[in-house]
Protein chains: 2
Amino acid sequence: MRDPLSRTFAALADPTRRAMLARLAKGEANVSDLAEPFLKDMSLPAVTKHLKVLEGAGLITKGRKAQWRPCQLNGEPLREAVDWMEQHRIAWEAQLDRHGVYLKSKNRGIRHGRKK
Amino acid sequence: MRDPLSRTFAALADPTRRAMLARLAKGEANVSDLAEPFLKDMSLPAVTKHLKVLEGAGLITKGRKAQWRPCQLNGEPLREAVDWMEQHRIAWEAQLDRHGVYLKSKNRGIRHGRKK
DNA sequence: TCCATAATACACCAACTAGTTAATTAACAA
DNA sequence: TTGTTAATTAACTAGTTGGTGTATTATGGA
(Lines give C-alpha, C1' and ligand atoms only; values in the text may rest on other atoms or scores of the structure.)
Protein backbone atom coordinates (compact mmCIF):
# COMPACT_ATOMS: atom_id res chain seq x y z
CA MET A 1 0.00 0.00 0.00
CA ARG A 2 0.99 3.62 0.23
CA ASP A 3 3.96 4.88 2.22
CA PRO A 4 3.28 6.91 5.38
CA LEU A 5 4.49 10.22 4.00
CA SER A 6 2.27 9.91 0.93
CA ARG A 7 -0.66 9.07 3.17
CA THR A 8 -0.01 12.16 5.26
CA PHE A 9 0.17 14.46 2.27
CA ALA A 10 -2.88 12.85 0.69
CA ALA A 11 -4.81 13.37 3.92
CA LEU A 12 -3.82 17.04 3.92
CA ALA A 13 -4.88 17.51 0.30
CA ASP A 14 -8.47 18.33 1.20
CA PRO A 15 -9.80 21.57 2.72
CA THR A 16 -12.43 19.77 4.81
CA ARG A 17 -9.80 17.57 6.42
CA ARG A 18 -7.46 20.49 6.96
CA ALA A 19 -10.26 22.41 8.67
CA MET A 20 -10.89 19.41 10.91
CA LEU A 21 -7.24 19.30 11.88
CA ALA A 22 -7.28 23.03 12.53
CA ARG A 23 -10.24 22.51 14.82
CA LEU A 24 -8.50 19.67 16.62
CA ALA A 25 -5.40 21.82 17.08
CA LYS A 26 -7.55 23.84 19.48
CA GLY A 27 -8.57 20.79 21.48
CA GLU A 28 -10.30 17.42 21.56
CA ALA A 29 -13.65 17.16 19.77
CA ASN A 30 -16.32 14.55 19.07
CA VAL A 31 -17.29 13.51 15.58
CA SER A 32 -20.44 15.61 15.70
CA ASP A 33 -18.49 18.65 16.87
CA LEU A 34 -16.13 18.21 13.97
CA ALA A 35 -18.98 17.61 11.58
CA GLU A 36 -21.04 20.62 12.60
CA PRO A 37 -19.41 23.25 10.29
CA PHE A 38 -19.80 20.92 7.29
CA LEU A 39 -23.29 19.49 7.70
CA LYS A 40 -24.71 22.14 5.36
CA ASP A 41 -22.31 20.88 2.69
CA MET A 42 -22.18 17.14 3.29
CA SER A 43 -23.70 14.25 5.16
CA LEU A 44 -22.45 12.71 8.39
CA PRO A 45 -21.15 9.56 6.70
CA ALA A 46 -19.02 11.78 4.48
CA VAL A 47 -17.52 13.27 7.63
CA THR A 48 -16.88 9.80 9.03
CA LYS A 49 -15.00 8.97 5.85
CA HIS A 50 -12.81 12.04 6.12
CA LEU A 51 -12.01 11.15 9.70
CA LYS A 52 -11.10 7.65 8.59
CA VAL A 53 -8.60 9.11 6.14
CA LEU A 54 -7.08 11.26 8.88
CA GLU A 55 -6.98 8.28 11.20
CA GLY A 56 -5.39 6.13 8.51
CA ALA A 57 -2.65 8.71 8.12
CA GLY A 58 -2.10 8.67 11.89
CA LEU A 59 -2.99 12.34 12.12
CA ILE A 60 -5.77 11.76 14.63
CA THR A 61 -6.69 9.14 17.18
CA LYS A 62 -10.26 8.34 18.12
CA GLY A 63 -11.23 7.39 21.64
CA ARG A 64 -14.54 6.21 23.08
CA LYS A 65 -16.64 7.81 25.76
CA ALA A 66 -20.15 6.34 25.88
CA GLN A 67 -21.61 6.91 22.42
CA TRP A 68 -19.12 9.66 21.62
CA ARG A 69 -15.81 9.32 19.79
CA PRO A 70 -13.49 12.03 21.12
CA CYS A 71 -10.82 12.77 18.52
CA GLN A 72 -7.36 14.08 19.17
CA LEU A 73 -4.73 15.51 16.89
CA ASN A 74 -1.49 13.61 16.59
CA GLY A 75 1.26 15.92 15.41
CA GLU A 76 3.93 13.32 14.72
CA PRO A 77 3.16 12.69 11.02
CA LEU A 78 2.75 16.43 10.59
CA ARG A 79 6.27 16.89 11.88
CA GLU A 80 7.66 14.28 9.52
CA ALA A 81 5.96 15.98 6.59
CA VAL A 82 7.37 19.34 7.63
CA ASP A 83 10.79 17.76 7.90
CA TRP A 84 10.63 16.45 4.35
CA MET A 85 9.61 19.81 2.96
CA GLU A 86 12.06 21.87 4.97
CA GLN A 87 14.87 19.61 3.93
CA HIS A 88 14.25 20.15 0.24
CA ARG A 89 13.23 23.75 0.49
CA ILE A 90 16.56 24.43 2.12
CA ALA A 91 18.43 22.49 -0.56
CA TRP A 92 16.53 24.43 -3.17
CA GLU A 93 17.44 27.75 -1.59
CA ALA A 94 21.06 26.67 -1.28
CA GLN A 95 21.04 25.81 -4.95
CA LEU A 96 19.76 29.24 -5.82
CA ASP A 97 22.52 30.72 -3.72
CA ARG A 98 25.15 28.77 -5.58
CA HIS A 99 23.86 30.44 -8.70
CA GLY A 100 24.10 33.78 -7.00
CA VAL A 101 20.44 34.53 -7.13
CA TYR A 102 18.82 36.54 -4.36
CA LEU A 103 15.32 37.88 -4.37
CA LYS A 104 13.24 39.61 -1.79
CA SER A 105 10.21 37.81 -0.47
CA LYS A 106 6.75 39.04 -1.26
CA ASN A 107 5.48 38.58 2.26
CA ARG A 108 8.45 38.27 4.54
CA GLY A 109 12.16 38.16 4.83
CA ILE A 110 12.54 34.89 3.02
CA ARG A 111 14.72 34.42 0.00
CA HIS A 112 12.96 33.52 -3.22
CA GLY A 113 14.46 32.57 -6.47
CA ARG A 114 13.96 33.04 -10.11
CA LYS A 115 16.38 32.46 -12.88
CA LYS A 116 18.60 35.31 -13.89
CA MET B 1 -11.50 22.98 -9.15
CA ARG B 2 -9.13 22.56 -6.25
CA ASP B 3 -7.56 25.24 -4.03
CA PRO B 4 -3.80 25.85 -4.32
CA LEU B 5 -2.90 24.35 -0.96
CA SER B 6 -4.79 21.15 -1.71
CA ARG B 7 -3.07 20.95 -5.07
CA THR B 8 0.32 21.29 -3.43
CA PHE B 9 -0.37 18.56 -0.89
CA ALA B 10 -1.87 16.30 -3.55
CA ALA B 11 1.23 16.79 -5.69
CA LEU B 12 3.41 15.81 -2.74
CA ALA B 13 1.36 12.69 -2.03
CA ASP B 14 3.35 10.52 -4.41
CA PRO B 15 6.89 9.16 -3.87
CA THR B 16 7.80 9.49 -7.56
CA ARG B 17 6.91 13.16 -7.57
CA ARG B 18 8.69 13.77 -4.27
CA ALA B 19 11.82 12.13 -5.68
CA MET B 20 11.60 14.41 -8.69
CA LEU B 21 11.38 17.44 -6.47
CA ALA B 22 14.32 16.18 -4.44
CA ARG B 23 16.30 15.86 -7.65
CA LEU B 24 15.31 19.36 -8.72
CA ALA B 25 16.35 20.74 -5.35
CA LYS B 26 19.90 19.92 -6.45
CA GLY B 27 19.53 21.81 -9.70
CA GLU B 28 17.78 22.20 -13.03
CA ALA B 29 17.09 19.01 -15.01
CA ASN B 30 15.48 17.97 -18.28
CA VAL B 31 12.49 15.66 -18.44
CA SER B 32 14.67 12.72 -19.47
CA ASP B 33 17.09 13.41 -16.59
CA LEU B 34 14.18 13.37 -14.20
CA ALA B 35 12.72 10.29 -15.84
CA GLU B 36 15.90 8.23 -15.80
CA PRO B 37 15.59 6.73 -12.26
CA PHE B 38 12.01 5.66 -12.98
CA LEU B 39 12.15 4.25 -16.48
CA LYS B 40 12.53 0.73 -15.12
CA ASP B 41 9.25 1.21 -13.27
CA MET B 42 7.18 3.28 -15.67
CA SER B 43 6.96 4.73 -19.15
CA LEU B 44 8.00 8.20 -20.25
CA PRO B 45 4.40 9.39 -20.72
CA ALA B 46 3.81 8.49 -17.08
CA VAL B 47 6.71 10.75 -16.13
CA THR B 48 5.28 13.54 -18.26
CA LYS B 49 2.03 13.20 -16.36
CA HIS B 50 3.74 13.45 -12.99
CA LEU B 51 5.54 16.56 -14.15
CA LYS B 52 2.23 18.02 -15.27
CA VAL B 53 0.86 17.53 -11.77
CA LEU B 54 3.90 19.26 -10.27
CA GLU B 55 3.57 22.06 -12.78
CA GLY B 56 -0.15 22.39 -12.07
CA ALA B 57 0.66 22.82 -8.40
CA GLY B 58 3.20 25.50 -9.26
CA LEU B 59 5.99 23.46 -7.75
CA ILE B 60 8.04 23.43 -10.93
CA THR B 61 8.34 25.52 -14.04
CA LYS B 62 9.30 24.11 -17.40
CA GLY B 63 11.43 26.04 -19.88
CA ARG B 64 12.43 25.27 -23.47
CA LYS B 65 15.88 24.80 -24.89
CA ALA B 66 15.79 23.18 -28.33
CA GLN B 67 13.99 19.86 -27.86
CA TRP B 68 14.69 19.82 -24.13
CA ARG B 69 12.42 21.04 -21.37
CA PRO B 70 14.62 22.18 -18.49
CA CYS B 71 12.65 22.01 -15.23
CA GLN B 72 13.19 24.11 -12.15
CA LEU B 73 11.89 23.82 -8.64
CA ASN B 74 9.69 26.61 -7.37
CA GLY B 75 9.73 26.67 -3.58
CA GLU B 76 6.94 29.15 -3.01
CA PRO B 77 4.03 26.65 -2.73
CA LEU B 78 6.29 24.47 -0.62
CA ARG B 79 6.75 27.34 1.81
CA GLU B 80 3.02 27.96 2.02
CA ALA B 81 2.43 24.29 2.78
CA VAL B 82 5.07 24.34 5.50
CA ASP B 83 3.47 27.45 6.95
CA TRP B 84 0.10 25.75 7.20
CA MET B 85 1.52 22.71 8.92
CA GLU B 86 3.78 24.57 11.31
CA GLN B 87 0.94 26.81 12.33
CA HIS B 88 -1.27 23.94 13.37
CA ARG B 89 1.44 21.76 14.76
CA ILE B 90 2.38 24.63 17.03
CA ALA B 91 -1.23 25.21 18.06
CA TRP B 92 -1.50 21.53 18.84
CA GLU B 93 1.60 21.59 21.01
CA ALA B 94 0.34 24.64 22.84
CA GLN B 95 -2.94 22.85 23.48
CA LEU B 96 -1.11 19.90 24.99
CA ASP B 97 0.64 22.31 27.33
CA ARG B 98 -2.62 23.75 28.53
CA HIS B 99 -3.64 20.27 29.54
CA GLY B 100 -0.31 19.72 31.22
CA VAL B 101 0.65 16.85 28.96
CA TYR B 102 4.27 16.27 28.13
CA LEU B 103 5.52 13.56 25.88
CA LYS B 104 8.98 12.38 25.20
CA SER B 105 9.95 12.28 21.55
CA LYS B 106 10.23 8.83 20.14
CA ASN B 107 13.04 9.41 17.71
CA ARG B 108 14.90 12.52 18.57
CA GLY B 109 15.41 15.38 20.92
CA ILE B 110 12.54 17.39 19.60
CA ARG B 111 10.53 19.47 21.97
CA HIS B 112 6.95 18.42 22.33
CA GLY B 113 4.39 20.52 24.01
CA ARG B 114 6.76 23.22 25.11
CA LYS B 115 5.11 26.59 25.53
CA LYS B 116 6.94 29.83 25.03
C1' DT C 1 16.05 16.03 -47.30
C1' DC C 2 16.05 12.29 -43.94
C1' DC C 3 16.84 10.53 -39.42
C1' DA C 4 17.47 10.46 -34.38
C1' DT C 5 16.20 12.42 -30.05
C1' DA C 6 13.14 14.78 -26.57
C1' DA C 7 8.92 15.24 -25.18
C1' DT C 8 3.91 15.42 -25.51
C1' DA C 9 -0.91 14.00 -26.95
C1' DC C 10 -4.42 10.62 -27.33
C1' DA C 11 -7.33 6.79 -26.21
C1' DC C 12 -7.99 3.54 -23.06
C1' DC C 13 -8.27 1.08 -18.44
C1' DA C 14 -8.23 -0.34 -13.37
C1' DA C 15 -8.21 1.42 -8.91
C1' DC C 16 -9.26 4.94 -5.80
C1' DT C 17 -11.89 9.15 -3.95
C1' DA C 18 -15.61 11.65 -2.23
C1' DG C 19 -19.95 11.90 -2.06
C1' DT C 20 -24.97 9.93 -1.63
C1' DT C 21 -29.10 7.35 0.93
C1' DA C 22 -30.66 3.82 3.83
C1' DA C 23 -29.79 0.57 7.38
C1' DT C 24 -27.39 -0.71 11.52
C1' DT C 25 -24.88 -0.66 15.97
C1' DA C 26 -24.05 1.07 20.58
C1' DA C 27 -24.89 3.64 24.68
C1' DC C 28 -27.79 5.96 27.60
C1' DA C 29 -32.34 7.45 29.64
C1' DA C 30 -37.31 7.21 30.53
C1' DT D 1 -38.80 -2.12 27.13
C1' DT D 2 -38.90 1.78 24.17
C1' DG D 3 -36.96 5.71 22.33
C1' DT D 4 -33.07 9.03 21.35
C1' DT D 5 -28.59 10.25 20.18
C1' DA D 6 -23.87 9.32 18.22
C1' DA D 7 -21.64 7.23 14.91
C1' DT D 8 -20.60 3.61 11.58
C1' DT D 9 -21.53 0.31 7.75
C1' DA D 10 -23.13 -0.96 3.26
C1' DA D 11 -24.15 -0.40 -1.46
C1' DC D 12 -23.94 2.53 -5.04
C1' DT D 13 -22.18 6.34 -8.30
C1' DA D 14 -19.55 10.06 -10.72
C1' DG D 15 -15.21 11.80 -11.25
C1' DT D 16 -10.19 11.58 -10.63
C1' DT D 17 -5.59 9.31 -10.63
C1' DG D 18 -1.83 6.74 -12.37
C1' DG D 19 -0.61 3.81 -15.44
C1' DT D 20 -0.41 1.67 -20.41
C1' DG D 21 0.79 1.62 -25.73
C1' DT D 22 0.76 4.06 -29.94
C1' DA D 23 1.06 8.16 -32.57
C1' DT D 24 2.59 12.80 -33.10
C1' DT D 25 5.24 17.16 -32.77
C1' DA D 26 9.49 19.74 -32.64
C1' DT D 27 14.33 20.42 -32.91
C1' DG D 28 19.06 19.66 -34.51
C1' DG D 29 22.45 17.22 -37.35
C1' DA D 30 24.27 14.37 -41.44
Side-chain angles (χ1 to χ4, degrees), chain A residues 1-21 23-24 27-73, chain B residues 1-21 23-24 27-73:
Chain A
M1 217 45 232
R2 221 124 145 243
D3 62 294
L5 202 45
S6 295
R7 266 226 244 279
T8 302
F9 283 126
L12 292 171
D14 183 286
T16 302
R17 289 193 293 262
R18 286 199 305 277
M20 288 170 168
L21 292 178
R23 166 65 189 81
L24 286 173
E28 199 176 89
N30 297 321
V31 173
S32 42
D33 300 329
L34 290 168
E36 188 273 329
F38 305 107
L39 289 181
K40 46 180 159 5
D41 302 317
M42 70 182 70
S43 66
L44 196 58
V47 170
T48 295
K49 281 198 183 182
H50 281 301
L51 290 175
K52 256 196 182 353
V53 173
L54 292 172
E55 212 178 358
L59 283 161
I60 68 168
T61 53
K62 233 182 287 188
R64 329 188 46 143
K65 192 178 280 189
Q67 65 264 61
W68 294 272
R69 296 295 119 90
C71 301
Q72 276 188 293
L73 183 60
Chain B
M1 174 123 292
R2 228 125 148 241
D3 62 294
L5 203 45
S6 295
R7 266 227 245 275
T8 301
F9 283 127
L12 292 171
D14 182 287
T16 302
R17 290 195 291 262
R18 287 199 304 277
M20 288 171 168
L21 291 179
R23 166 65 189 80
L24 286 174
E28 199 176 90
N30 296 322
V31 173
S32 42
D33 300 329
L34 290 168
E36 189 272 329
F38 306 107
L39 289 181
K40 45 181 159 1
D41 302 318
M42 71 182 71
S43 66
L44 194 59
V47 170
T48 295
K49 281 199 184 184
H50 280 302
L51 290 175
K52 254 197 185 351
V53 173
L54 292 173
E55 212 177 359
L59 284 162
I60 67 168
T61 53
K62 234 182 286 187
R64 328 188 48 144
K65 192 178 279 186
Q67 65 264 63
W68 293 274
R69 298 294 119 89
C71 301
Q72 277 188 289
L73 183 60

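Below, chain A is the first sequence line, B the second, and so on; all start at residue 1. Everything numeric here is computed off the predicted structure, so don't read it as measured data.
- Mapping A:W68 and B:R69 onto DNA chain C by nearest heavy atom places B:R69 closer to the 5' end of the strand.
- Contact between the side-chain N/O atoms of B:K62 and the OP1/OP2 oxygens of C:dT8 is found at a separation under 4.0 Å.
- Within 4.0 Å of B:D41, counting heavy atoms only, lie sugar-phosphate atoms of the nucleic acid but no base atom.
- The distance from atom NZ of B:K65 to atom C1' of C:dA7 is 16 Å, rounded to the nearest whole Å.
- Side-chain contact between A:C71 and A:T61: absent, with no pair of heavy atoms (C-beta onward) separated by less than 4.5 Å.
- The shortest distance between the side-chain N/O atoms of A:S43 and the OP1/OP2 oxygens of C:dG19 is not below 4.0 Å.
- When the side-chain nitrogen and oxygen atoms of B:S32 are compared with OP1 and OP2 of C:dT5, none of them lie within a distance under 4.0 Å.
- C:dC16 atom C1' lies 20 Å from atom CZ of A:F9, rounded to whole Å.
- The nearest whole Å value for the distance from the CG atom in A:L39 to the P atom in C:dG19 is 13 Å.
- Of the possible polar contacts, none joining the A:R69 side chain to the A:R64 backbone as a donor-acceptor pair under 3.5 Å is found.
- At distances below 3.5 Å, not a single donor-acceptor pair connects side-chain atoms of A:S6 with backbone N or O atoms of A:R2.
- Proximity of residues 44-59 of chain B to DNA chain C (heavy atom under 4.0 angstrom from any strand atom) is restricted to B:L44, B:P45, B:T48, B:K52.
- Between A:L34 and A:M20, the shortest heavy-atom distance links the atoms CD2-O, 3.9 Å.
- The CE atom of A:M20 sits 12 Å away from the P atom of C:dA18 (whole-angstrom rounding).
- A:R17 is linked by a side chain to side chain donor-acceptor pair (under 3.5 Å) to A:H50, counting only residues two or more places apart in sequence or in another chain.
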ask   = Could you go step by step and tell me if B:L12 and B:L21 meet the side chain to side chain contact (heavy atoms under 4.5 Å, CB included) rule?
value = CA-CA 9 Å; B:L12 292 171; B:L21 291 179; 3.5 Å; yes

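- Distance CG (B:L34) to C1' (C:dA7): 12 Å, rounded to an integer number of Å.
- Proximity of A:T16 to the phosphate of C:dA18: no side-chain N or O atom is located under 4.0 Å from OP1 or OP2.
- When rounded to the nearest whole Å, the span between CG of B:L12 and P of D:dG18 equals 12 Å.
- Applying the 4.0 Å criterion to OP1 and OP2 of C:dA7, one finds that B:R64 has every side-chain N and O outside that range.
- Applying the salt bridge (Lys or Arg N to Asp or Glu O under 4.0 Å) rule to pairs touching residues 32-55 of chain A yields A:E55-A:K62, sequence neighbours excluded.
- Atom-to-atom, CD of A:Q67 to P of C:dA26 comes out at 13 Å; the value is rounded to the nearest Å.
- For the pair A:M42 CE and C:dT17 P, the computed distance is 16 Å after rounding to whole Å.
- Each of C:dA7, D:dT17, D:dA7 was ranked by its minimum atom distance to the side chain of B:R2; first place goes to D:dT17.
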